[in-house]
Every structure is written in C-alpha cells, then in structure tokens.
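One structure is given below, encoded as structure tokens.
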Amino acid sequence: MMKVTQIFVVPHMHWDREWYFSTEESQVLLLNNMPEIMTMLENHPEYPSYVLDGQSVIIEDYLSAHPEGAERFKELVKQGRLIVGPWYTQTDEMAVGAEAITRNLLYGMADSRRYGQPMKIGYVPDSFGQSAQMPMILTQFGIKRSMFWRGLSERKGTNTNQFKWQSADGSTVAVNQLPAGYATGKYLPTDPVALKARLTPLLAKFDQYSTTGQAVLPNGHDQMPIQQNIEAVIAQLNQLYPDRHFQLGRYEDVFPAIEQDQDVDVISGEFLDGKNERVHRSIQSTRMDLKVMNTRIENKLTNTLEPLATIAAKLGFQYEHGLIELIWKEIMKNHAHDSMGACCSDIVNEEILARYRRAEERTDRLIQYYQRKLTEAVTIAGATEKLAAFNLLPKKCDRVVTAKIVTKLSQFQLITDDGTPVAFEILHRRTIDPGLIDRQIVAHGDYTPFYEYELQFKRHLPAMGYEVFGVIPVQKTLPAVVQAETQTMIENNYYQLTVNDNGTLTVVDKRTQTTYQRVLDLEIQADDGDEYDFSPLADNRKLYASQLNKKLSVQSLIATDSSQLILSYQLLVPQNLVAWQATDLALTTSLQVSFQLTLKSDLPVIALKVTVDNQADDLRVRLLVPTQLSSKVVASDNQFGVIQRPVVDHTALAVWEKEKWDERPDAIFPFLSHVSVSDSDHQVGIITNSSREYEALDETNVTLAITLFRGIGVLGKANLVRRPGRPSGINAPTPDSQCHGEFSLTYGLFFGNKQTMGIARLAKAFLTPVTTYNQIPNVAMHMNLPTQQLPASYSLFELMTDNLTLSTVKMAENRAAVLVRVYNQTQVTDSIKMAGATVKQVLGLDERPSDLGLAVKPNSVRTIELNN
C-alpha cells in the first residue's frame, strides 16, 4: 500500500430523514442547518463546496418550508458549491427492486438538474451492502464513480479501498470505498493533542488501504451542522503532519488518480461481507408487515399500473406522469436504508406504514381509473354491462381469468365482440347492498340488491393488451356455484398436492415424477435480536410445526381450470424470551396459520397465500421447502440479474470469531422475486410477492427457508450471538416490532425440470396476474364517457424471445414515447425481437439515447423506445 500524503477534507452531512427520531424532527433540524450552510458558502469563497448527502429529497424538505429560499439555493448549486443528487433518497440497494433503484436515480437526477448539475458519484455512505449490479445501473445513468462504506473485505479480491468495480456485463466504475465510514471527520477538535489522538490511527488505516496516496476525510455525521471552524482545524492538521497535506475538497477530487492507475484491482460481485462493517443481512425480516407492502406495491407499479397506463396513453388517454412520480417518491421515502430496514422507532414506522398505505391506495385507484377508461371506450353490441380482461405479459397466451361481476341480472352470459358466448364457472356468489354500488340508487328509494359473482374461465388473450366481453341478459340458468369440499388432495396437469396428518404437504411433480415430502413445515425459533438482526439463543433451540400438537382444518374448491386447498391450524408457542429460556418449555401463546394453495392450468406454479395471526413475542418463523437436491450454491435474483451465493460459507465461518468479524457470516440473504436450487435435471424455486429473505439449509439436501416474520421489541441491542459488541442503533423499546396480529404473505412454489420455462419469466408471469374491470351502469363516482372508440381487443406489442424478461413498460418522462425495458437472467446473450411494433432506438436507464445495441448479455438490461 501507499502512504497517503494528500487528504481531501469534504464537508457533508449524512441526512437520515427518520430513524429513532421522526421525519418532522429531522425537517426542523434541516431548517436550522441549511441557512448556516448557505451563509458559510456565500461568505467564504475559499470554502469550495458542501455535500447534501447525495439525495435530492433534502431539497424538497427544505424548500417546502422555505420556498423563498429557492433562488439562493439554486445559485449555490449552479456554482457547484452545494452538491446535490444523484439519488432521490439514500436507497438500500439490497432490499428494493430494480425499477425502484432506477426511478430513485431518474427522479433524483431530474430534481437536481432543476437547480444545477447532480453529483456524478454513486454515493451510498450507509447502505447495508452493495448490489453486484450497481456498476451497470450507474453507468447507464452516465455515472462512472462509486463511493460507499459497508460490505467490502479482502475476500472480494482486493486489499485496497481504491479499485474498479465491474458488473457481469462488463460495466465498470471507479470506487473509493470509505474504509472507516462517512463520519471519520465529524466534529474535529482544534486542540492539537485531541486532534492527533483522533487522526493518527485513522491515517494509519488510510495508509493501509490506499493505492494512490490520496484519501478523503468526510467532515460530517448524522444530522451534523456545518463545522464552521474547519479551516482552523485544517491549518492545525497541516502543522501536526507536515509530511501530509490536508485541504478542503470534494469527493470528486480523489477519483482521477484511481481512474488513471493502470494497476488498480478490478473486482466484481456484491459487497455483503460483515467482516469490517455491519451489513445486517437478517434485517430483511424486521417488521415484515411493512416489507410485504413494499414488495406488493413495487410489483403493482411495474407489472400492472405502468403498462396499463402506457396502453391507455397509446390509445389517446392522459399518462399521469405526475401522480405516478408521486407514488414512486412516496415509497422511495421508505427506501432509505433505515426506513427500508425498519430499524426505527415505533412512531417512525407508523409514518412508513402511512406512506405505503397512501402509495398503494393511489396505485389501486389509478389502475382502476385506466381500466374503466379503456373499458368504457369499447362498444359491445347489445351489452350495457361489460367485463375487460387485461393481460400485461408481453406474450399472447392462454390465461386463467378470475373476475368479479356485479349485476342485478338474474341470468347473464359473457359474449365476445362478435357475439360468441364465453363459457365460465362461478366460484362464489354474494349479495351486495345497492348503496355500496351507488348511493343515488337508495337515495331514490330503490333497495333491490346487487349480486357479486366470482367467475373463472380460460382465454387466449392478446400480448400486452386487453379483451373486452359483453355481459348480456339471457333466458338461461346460470351454472351452479362450485361447492366447497373437504378432500385433502388437489391436482392439475403439473402437480398433485396432498395434506399430511402433521400439517405438511406432499407434492408430486407429474412432469418429472418426483415426490417432495414435508413441504411447508414451519421452523419456529426464539429471537434474542433487535431491529437490525436476528439472534438465536445460545442453545439454538428450534420448534417445528409438524411436531407440535394441532387440529387441522382442510377445505378444497375444485373447478375446471383451477383448484384450491385451504389448510389451517393453531399452534401454541412460548410467550417470550423468558419462556424460551426456561428449562421446561411452556407452550402457552397462540400462533394461527392458514395456507391457501391454488393450482391453475395456465402456469406450473403453486400459488401460496400464508396468513398468520401471531400473539407471541421474540420469535422468528420460517417457511421450509425441501428441494431434495444437493448443491453448494443457491441462485436468486438481484436488480436486472441473477446471483449465486453459497449454501454455507465454510471459510468465513471457520475464522470469523478469531478475526473478530463484526457479524457472523450466516448465509441469510436478500432476494427480490425468486430464489432456487437446481442440479443438471431438476429445479425447485420460490417466487415472492411478499418477504424477501431466505437461507438455504444443508448442502447435501438443501431446504429453502423463507422468513415469514420475526418479532422483537427493541431497536438496538449489544452483544448478540451473531453480532458481538456494541448495539446497532440505540437501546430503545419498539413494542410494535413484535408483529402481533394478522397479516398475509404471497408466494409461488415451483418444482420442475430445469429445461422448462425459465424461472425469471415464470416469476414475471406469476407476479403479473390478469386484472379485470366490470363496467356496469351504476357507479359511485361518475365521469363523462370517453370520446374514443376502441376495439374490443388490442395488443401494444409482443416480445418474441424466450431469454429476455420484461421489467416494465412506461411512457418516457420527457416526451410522448413508449419505452420497454427487458433484462436477461439466462446464461446466453439474446437480442430484442418485437412483433406488432418496431424499435426506434436503444436508451440507457436514464432514458437518453445510448449505443448499447439490441443484444442483451446475461445479467444486463436494455431500454428501447418503440416507433409510434
């Protein structure tokens, strides 16, 4: 390594909008700090710049209360004195989806450009780990530099903090990792003795890691006000260390030497080691109710709302850019590392929950709005009531449509545009009060009830489009409602599912003639951790639902194109940590569990909805899926790609205590949509629309353990089994994080041949259900009918390749252009091929023209603009 002789002191503040303090408290502090920062910059021209933590939401938070300061703020950004962007919020890279990270940069850079130029550094000083895909994502935004703190160790292939980081597609950024974090220069004293005591060990660390002889000394901390005497401190430093030179500077100053160094290490992969800094791998299961909402809303946005709004825009309706941006920004305020981790006070988590609820309500209502507009613009001869089915997959295909029709008709028939009847089955029927449909009806004295029918039928639907059916009265008896049964086995062409006496399932994959035993057992374990990390008790005692007393309740519903099985039971578990630690384990507290399993004829996925009602404290509950496969690695998706991780990190586990790692390297990892184990013939996988944390157990016979939830009652604890030493955060009670009450999680289980439909596209299909809209004459909210006259069936385009997976379809931010984004999670390069539309140009993730071309390498992404 090289002695550091040039140190750039970079004034900044790390701005947690919320943590153990509220968003409101943070904003009040911001209103105090920002005038001081701007005054310092205005009055001291020699003071080069100040970094606003790489996130533009700070601009929003400040100017919303001080709009009169906009011009003053803008002038300093324009001069390059106030450094803003590139992010909207300081995202946690490991826990949020690809489109969420993309929009964070897209909106953050756009907001920053309204005032000046955004900082061109992928600056994430406190993200709990770094995604392997970040170099690709950053470079597609024109960002060639990265700065972070957590997750790096020499195990990645470098002993330095200055290197080049490469994604699997070859995209490369220069990195200056912060070896001692972003707060090394906080509150620097002028007293020479105290200053030397602070700096000497830090400079030794800089010398240990630097390859260029340069380093940055971040002069800031969480919510820290500007240090107004920093120039006096720097003068003192230059006297104390005459063989080194300290100067005020910018983060950018350290990068030219790294970029020009021909011998700098080039490394790849994710940074998720807990050796030198805590990365809190098990934080993905903290306050699972919040994380479930995030996954669900992200998928609704990218898989349903944006494609639907794009179809509507193409057919003459307004694309609601402003409201969609507000939805994204609402959830991105929850994507900041502490908020996404949910390692916050109870009052902050109430704010996070409120944002999710607001974002989901806006998403649902906007989806319904576009469905209504499109449906109302279609005319079906003889029908005043209609049903529209929207297939937002980029393939025309057979899909099982499950829809609700509300009507006063005692007999009705579905018909196509040409009058052809469409056969259906009725799964459920209920009566609805007319006031819930339109209060004007009952205001005029009409109390005749409506009936809601849940229908199901299979239909070959257009790619990325819709088909509208008429609902007409007929003199024909409706099909009988499918009756519930008590049989313990359901099946289709893909699987046979049988409930066992111990509450687990036996799954037979009919295509490979393979039987899987003890599927959906639950592992229940005490959690002595905090909001950052799961921590077992020293005895590592575990309970299994299959071994506990329970009374099973089984119900089934069998239709032509789907069958459903509901398995329910109640367990008694220890009440809290004290009970878990007792010699005689007392099982006294209720944990109610329900598994709703659905088989459909259009997809080789077992749909699973798990509902839990938890009344116990201090426990973790995981869903177990045995794969019967031997493997040393597990594959899961990350942003626009797939990554392989070890089942057991033997090397790290053997040395972590001796080397005094910050965390025990258990193989608990995040995933986004799917995780799977495979050999040369078979593959077993789990698709999630809910929790995003897994661990693979036992290399010789891998079981996938998916965390359903964990309950803890404190923000931060010291001396955990998996995380020795100081507490993370602060030791504050958070009783709401015990996750009491009922909530549901949704998954898809896949058992099959590895050569069948790739799991990435399978996950996309499962997470993009057919959505429907039922138009009737009576509505609660009235709108004028659209002037457009639309066809009864429509397709925007079709993607003609099996190796590429659709990310989303949207309208460009700054022009009337349809954008399609695809990524490649296979091992072969493939090119984008379209039907029904042609490609106008290829864009980067920043929606600007690029020379990337139509060939999509493994683990890479392309955005294309369609010709109008």
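Computed over heavy atoms, backbone and side chain alike; hydrogens, waters and symmetry mates excluded.
- Using modelled atom types, one finds a donor on one side chain and an acceptor on the other under 3.5 Å when comparing Q738 with D618.
- By the 4.5 Å heavy-atom criterion applied to side chains, T768 and L806 are not counted as neighbours.
- Using modelled atom types, one side-chain atom of Q628 and one backbone atom of T515 make a donor-acceptor pair closer than 3.5 Å.
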Output, in order, the C-alpha distance, side-chain angles, deciding distance and verdict of side-chain contact (heavy atoms from CB on, under 4.5 Å) for Q487 and I558. CA-CA 10 Å; Q487 69 180 57; I558 300 173; 3.0 Å; yes
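- Using the six-membered ring where Trp is involved, Y694 and F671 have ring planes that are perpendicular, over 60° apart on the 30 and 60° scheme.
- There is no side-chain donor-acceptor pair under 3.5 Å between Q525 and D527.
- Between Y453 and F412, the distance from one ring center to the other falls under 6.0 angstrom.
- Between the side chains of T504 and N502, at least one donor N or O lies within less than 3.5 Å of an accepting N or O.
- Using modelled atom types, one finds a donor on one side chain and an acceptor on the other under 3.5 Å when comparing H674 with Q825.
- Judged by the 6.0 Å and 45° rule, R511 forms a cation-pi pair with Y495.
- Between N689 and T295, the side chains place no donor N or O within less than 3.5 Å of an acceptor N or O (distance only, hydrogens not considered).
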Which is it for L301 and E99 under the side-chain contact (heavy atoms from CB on, under 4.5 Å) test, yes or no, and what are the steps along the way? CA-CA 9 Å; L301 276 167; E99 289 295 337; over 6 Å; no
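- Cation-pi geometry between R620 and F534 is satisfied (NZ or CZ under 6.0 Å from the ring centre, within 45° of the ring normal).
- Of the N and O atoms on the side chains of H740 and N614, not one donor lies less than 3.5 Å from an acceptor on the other residue.
- Between the side chain of S562 and the backbone N or O of A559 there is no donor-acceptor pair closer than 3.5 Å.
- Using a cutoff of 4.0 Å between basic side-chain nitrogens and carboxylate oxygens, R761 and D802 are scored as salt-bridged.
- Salt bridge K458/D602: absent, no basic N to carboxylate O contact under 4.0 Å.
- Considering Q496, Q517, R518 in turn, Q517 is the only one that fulfils the side-chain hydrogen bond (donor to acceptor under 3.5 Å, both in side chains) rule with T506.
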Step-by-step side-chain contact (heavy atoms from CB on, under 4.5 Å) determination, K396 to S795: CA-CA 9 Å; K396 55 186 176 186; S795 173; over 6 Å; no
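- Shown here is K632, whose NZ atom has no more than 12 heavy atoms of other residues, nucleotides or ligands within 6.0 Å.
- Under the 6.0 Å cut-off for aromatic ring centres, F743 and F709 qualify, their centroids lying closer than that.
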Test log, rule side-chain contact (heavy atoms from CB on, under 4.5 Å), inputs K510 and Y494: CA-CA 5 Å; K510 293 184 175 182; Y494 302 113; over 6 Å; no
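- At most 12 heavy atoms of other shown residues, nucleotides or ligands fall within 6.0 angstrom of atom CG in N549.
- Checked against V856 for a side chain to side chain contact (heavy atoms under 4.5 Å, CB included), the options T805, T826, N824 give a single hit: N824.
- Under the 3.5 Å distance criterion, with hydrogens and angles disregarded, no donor-acceptor pair is assigned to the side chains of S690 and R296.
- Atom CG of D501 is surrounded by 12 or fewer heavy atoms from other residues, nucleotides or ligands within 6.0 Å.
- Closest heavy-atom contact between I367 and K300: CD1-O, 4.4 Å.
- In this structure, the side chains of N294 and E298 come closer than 4.5 Å at one or more pairs of heavy atoms.
- Checking R541, R710, K542 one by one against E523, the salt bridge (charged side-chain N to carboxylate O under 4.0 Å, His left out) holds for a single residue, K542.
- A 6.0 Å sphere centred on NZ of K550 holds more than 12 heavy atoms belonging to other residues, nucleotides or ligands.
- Annotation for Q513: atom CD counts as buried by contact number, over 12 foreign heavy atoms lying within 6.0 Å.
- Looking only at distances, no side-chain donor or acceptor of Q639 sits under 3.5 Å from a matching main-chain atom of A100.
- For the residue pair D509/T514, the side-chain donor-acceptor check at 3.5 Å is not satisfied.
- For the residue pair E467 and N391, no side-chain donor N or O sits within less than 3.5 Å of a side-chain acceptor on the partner.
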